[in-house]
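Everything below concerns the one structure shown next.
Owing to the predicted nature of the structure, the values given are computational and were not obtained by experimental measurement. Both ligands and their constituent atoms are indexed starting at 1 by order of listing.
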Amino acid sequence: MKVIVVKDYNEMSNVATDIMYDVISNKPDCVLGLATGSTPEGLYANLVALYREGKLDFSKVSSVNLDEYYPLAPENDQSYRYFMNTHLFDHVNIDKANTYVPNGLAQDPEAACKAHEDKIDELGGMDIQVLGIGQNGHIGFNEPSDNPIPFTHMENLTESTIKANARFFESEADVPTRALTMGIQSIMKARKIIILASGKSKAAAIKATLKDEPTPRCPASLLYSHPDVTVICDEDAYSLC
Ligand code: GLP
């Protein structure tokens, strides 16, 4: 894995923006693999600014998202569909029909997972996948486990993830306990992967990803075998390395 250590959150967002800018301008019909959470918010704000300045065109771009809470309606302001609309899709000229977020209200979640994985294949994989990282090293919603499920699937969220994400909900009890998520092998279908991390709360996960033996107990570390992964982290996130 390549590592870029920057001063702070803004620099992390700017480095990620430059990489995304290159991908989108070199391939106008590219497929973006997108993530949610507070980490990529700065990146998305920068992409919106570049679009408004006329420097980026999303009209031929498609996107697939990593994950979605289950069950949760797309209209719910904590859903990842809502997050993507409000942080990016509503502000650029992407055709929303070409944006794919797992369906958090699917009657048949197994079929929804298969449909998401099939869509990734139909699109030919992601040209770039953006990832944040959980405090326990999770990516998407792939939690630490001895037997990770490789492709898009339903995941039970750990206590630590529910606690970490409770800040977005009215109370911890409102956080869904399950999610639909791409698996590690789905993520590996991307030709290029960037992992963003900012702040001391991510330092242990970044150390486990970069310095320790790869293990499914730290899902991000499993990306070591991918040929094009760049970790962009600030000094706080790198502080235990
Ligand atoms: C959630 C998401 C992940 C994200 C993680 C970290 O669990 N499913 O994709 O990387 O949170 O979130 P944050 O960026 O807010 O720290």
Item to check | Note: Asp90-Lys96 ion pair, threshold 4.0 Å (strictly below) | outcome: yes
Checklist entry - If you draw a 6.0 Å radius around CD in Glu213, do more than 12 non-hydrogen atoms from other residues or ligands fall strictly inside? => result no
Checklist entry - Does the pair Lys207/Asp212 count as a salt bridge with the N-to-O cut at 4.0 Å? => result yes
Checklist outcome for this item: atom 3 (C) of ligand 1 sits nearest the protein heavy atom Gly140 O, 3.5 Å
Checklist entry - Counting from 1, what ligand 1 atoms have a heavy atom of Tyr80 closer than 4.0 Å? => result 1 (C), 2 (C), 8 (N)
Checklist entry - Who's the nearest protein heavy-atom neighbour of atom 6 (C) of ligand 1, and how far? => result Ile133 O, 3.6 Å
Item to check | Contact check, Lys202 vs ligand 1, heavy-atom distance below 4.0 Å | outcome: yes
Checklist outcome for this item: For Gly37, the ligand 1 atoms with a heavy-atom partner under 4.0 Å come out as 14 (O), 15 (O)
Item to check | Which of the ligand 1 atoms, numbered from 1, are nearer than 4.0 Å to a heavy atom of His138 | outcome: 1 (C), 5 (C), 7 (O), 11 (O)
Item to check | Closest approach of any protein heavy atom to atom 4 (C) of ligand 1, naming residue and atom | outcome: Thr36 O, 4.0 Å
Next on the checklist: Tell me whether Lys189 at atom NZ has more than 12 heavy atoms from other residues, nucleotides or ligands lying less than 6.0 Å away.
Outcome noted: yes
Next on the checklist: Residue-level breakdown please: for Ala35 versus ligand 1, do any non-hydrogen atoms fall below 4.0 Å on the side chain, on the backbone, on both, or on neither?
Outcome noted: neither
Next on the checklist: Whether the Glu143 and Thr158 side chains hold a donor-acceptor pair (N or O, under 3.5 Å, no angle test) is what I'd like checked.
Outcome noted: yes
Checklist outcome for this item: of all protein heavy atoms, closest to atom 8 (N) of ligand 1 is Asp67 OD2, 2.7 Å
Item to check | Asn165 and Tyr69: side chain donor to acceptor below 3.5 Å | outcome: yes
Checklist entry - Which of the atoms in ligand 1, numbered in the order shown and given with their element, are less than 4.0 Å from a heavy-atom of Gly132? => result 10 (O)
Checklist entry - Side chain or backbone of Glu143 under 4.0 Å from ligand 1, or both, or neither, by non-hydrogen atoms? => result neither
Next on the checklist: Within ligand 1, which atoms have a heavy atom of Phe141 less than 4.0 Å away?
Outcome noted: 1 (C), 7 (O), 8 (N)
Item to check | Distance-only side-chain donor-acceptor flag, Ser160 / Gln135, under 3.5 Å | outcome: no
Next on the checklist: Is it the case that atom NZ in Lys60 sees more than 12 heavy atoms from other parts of the structure closer than 6.0 Å?
Outcome noted: no
Next on the checklist: Under 4.0 Å from a heavy atom of Thr39: which atoms of ligand 1 are those, numbered in the order shown and with their elements?
Outcome noted: 13 (P), 14 (O), 16 (O)
Next on the checklist: Parallel, tilted or perpendicular: which one describes the rings of Phe83 and Tyr80, with boundaries at 30° and 60°?
Outcome noted: perpendicular
